[in-house]
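We count residues from 1, following the sequence as given. As the structure is a prediction and not an experimental result, all values here were calculated from the model. Counting convention: from 1, in listed order, for ligands and their atoms alike.
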Amino acid sequence: MGLLGWFNHDVITVLDFNREDFEVLFSEAVNMEKYAKSRLDILNDKVLALAFFEPSTRTRLSFETAMLRLGGRVIGFSGTEATSMAKGENLADTIRMLDSYANAIVIRHSLEGAAKFAAEIAESPVINAGDGSQNHPTQAMLDLYTIWREFNIIDGLSIGILGDLKYARVVNSLVQALSYYKVKLHLISPELLKPRRELLEFMNSRGMVYDWTDDPHNVIGDLDVLYVVRIQRERFPDPIEYERVKGAYRVDLKLLSRAKPNLVILHPLPRVDEVDFTVDNTHYAKYFRQAGLGVPLRMALLKLILKGGD
Ligand code: NCD
């Protein structure tokens with residue numbers, strides 16, 4: 001597989017790229033770690049539009065920080081109250097406007113397929129920062145990058161993904177990204193939150209090695225990485241369904257007493273109640289490092305898309 005390339009490319013799903021592209025991104029991100037708290041003036045002539053139709057803390061602010069650290073500027077909105085969408089403007093017209101103002105557009109929307117739709121309208125590259133419960137490719141790139149920074153390798157690891165495997169877009173994108181590597185996947189969720197059929201079909205079609213359990217105790221001793229995700233309450237079509245699974249899983253010190261010494265716990269955040277606060281003080285907890293690496297990773301991404309490889 002050759003390099004598909006980043007320059008001027010949309011980022012809609014991780015499957016728009018391949019393993020070599022990830023390697024280029026990761027080595028660029030290592031370089032960017034040096035500038036993540038200072039400044040590298042390489043995008044002075046560029047404007048990034050942030051179109052966040054759904055709540056966000058880390059994704060939006062790390063994109064914004066990344067652009068500022070690279071000398072670029074940022075425009076945009078979070079929520080639609082202050083935009084003309086509140087006057088009834090449609091998504092297509094909003095995207096057309098942003099396209100004429102900015103060099104790239106980052107979009108988060110509750111509708112699946114919104115980023116792809118935006119990419120079809122805009123000439124500037126569009127980066128998907130989450131579309132409904134479908135994809136969140138830059139989070140998955142960050143997840144892989146964090147794993148790679150922790151272990152120096154991804155092949156051969158045993159990775160558990162615990163939580164809402166049905167509605168979490170981060171899980172979809174992470175599993176897709178892991179399909180480029182030889183890993184063993186342990187999927188862990190309540191019965192009601194098992195992965196959707198499309199994801200299982202995807203894993204089968206890629207020949208991925210995986211199993212499923214509803215109890216993390218069954219697999220904790222085998223894991224190198226435990227990736228935890230909250231129950232995506234806002235995506236449940238039926239509140240009764242949510243009531244039946246709320247609080248169904250929790251990572252605590254008792255569970256970790258059976259973990260490998262070098263287990264790494266990741267979480268895209270926000271956390272609700274699925275990781276006990278006492279876990280934060282253990283050497284397993286890497287989710288704050290993971291969130292911090294969002295800046296250099298997104299600096300690398302913006303550089304590769306807006307400026308190219310060197
Ligand atoms: C995730 C998201 O928005 O999908 N958050 C994030 O971007 N870090 C995960 C979540 O909301 O649970």
Run the numbers for me: atoms of ligand 1, each under 4.0 Å from some heavy atom of [X], listed by number.
| X | answer |
| --- | --- |
| His136 | 2 (C), 4 (O), 6 (C), 7 (O) |
| Gln232 | 10 (C), 12 (O) |
| Gln139 | 6 (C), 7 (O), 8 (N) |

Closer than 4.0 angstrom, basic N to acidic O: yes or no for [X] and [Y]?
| X | Y | result |
| --- | --- | --- |
| Glu274 | Lys246 | no |
| Lys194 | Asp214 | no |
| Arg271 | Asp280 | yes |
| Arg230 | Glu234 | yes |
| Asp224 | Lys260 | yes |
| Arg19 | Asp21 | no |
| Arg235 | Glu54 | yes |
| Glu150 | Arg289 | yes |

Closest protein heavy atom (residue, atom, distance) for [atom]:
| atom | answer |
| --- | --- |
| atom 3 (O) of ligand 1 | Arg169 NH2, 2.9 Å |
| atom 5 (N) of ligand 1 | Leu269 O, 3.1 Å |
| atom 1 (C) of ligand 1 | Val170 CG1, 3.8 Å |

Exercise. May I ask whether Glu54 places a heavy atom under 4.0 Å from ligand 1?
Key: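 No.
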Quiz item: Would Pro270 count as a contact of ligand 1 if the rule is a heavy atom under 4.0 Å away?
Solution: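 Pro270: in contact with ligand 1 (<4.0 Å).
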Quiz item: Considering only heavy atoms, which of Arg230, Arg235, Arg108, His267 lies nearest to atom 12 (O) of ligand 1?
Solution: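 Looking at heavy atoms only, the winner is Arg230.
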Practice problem: Say whether Thr59, considering both its backbone and side-chain N or O atoms, lies within less than 3.5 Å of an N or O atom on ligand 1. | Solution: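 Yes; at least one N/O pair falls below 3.5 Å.
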Exercise. Examine Val229 against ligand 1 and note whether any of their N/O atoms are separated by less than 3.5 Å.
Key: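 Looking only at distances, the answer is no, because the N/O contact criterion of under 3.5 Å is not met.
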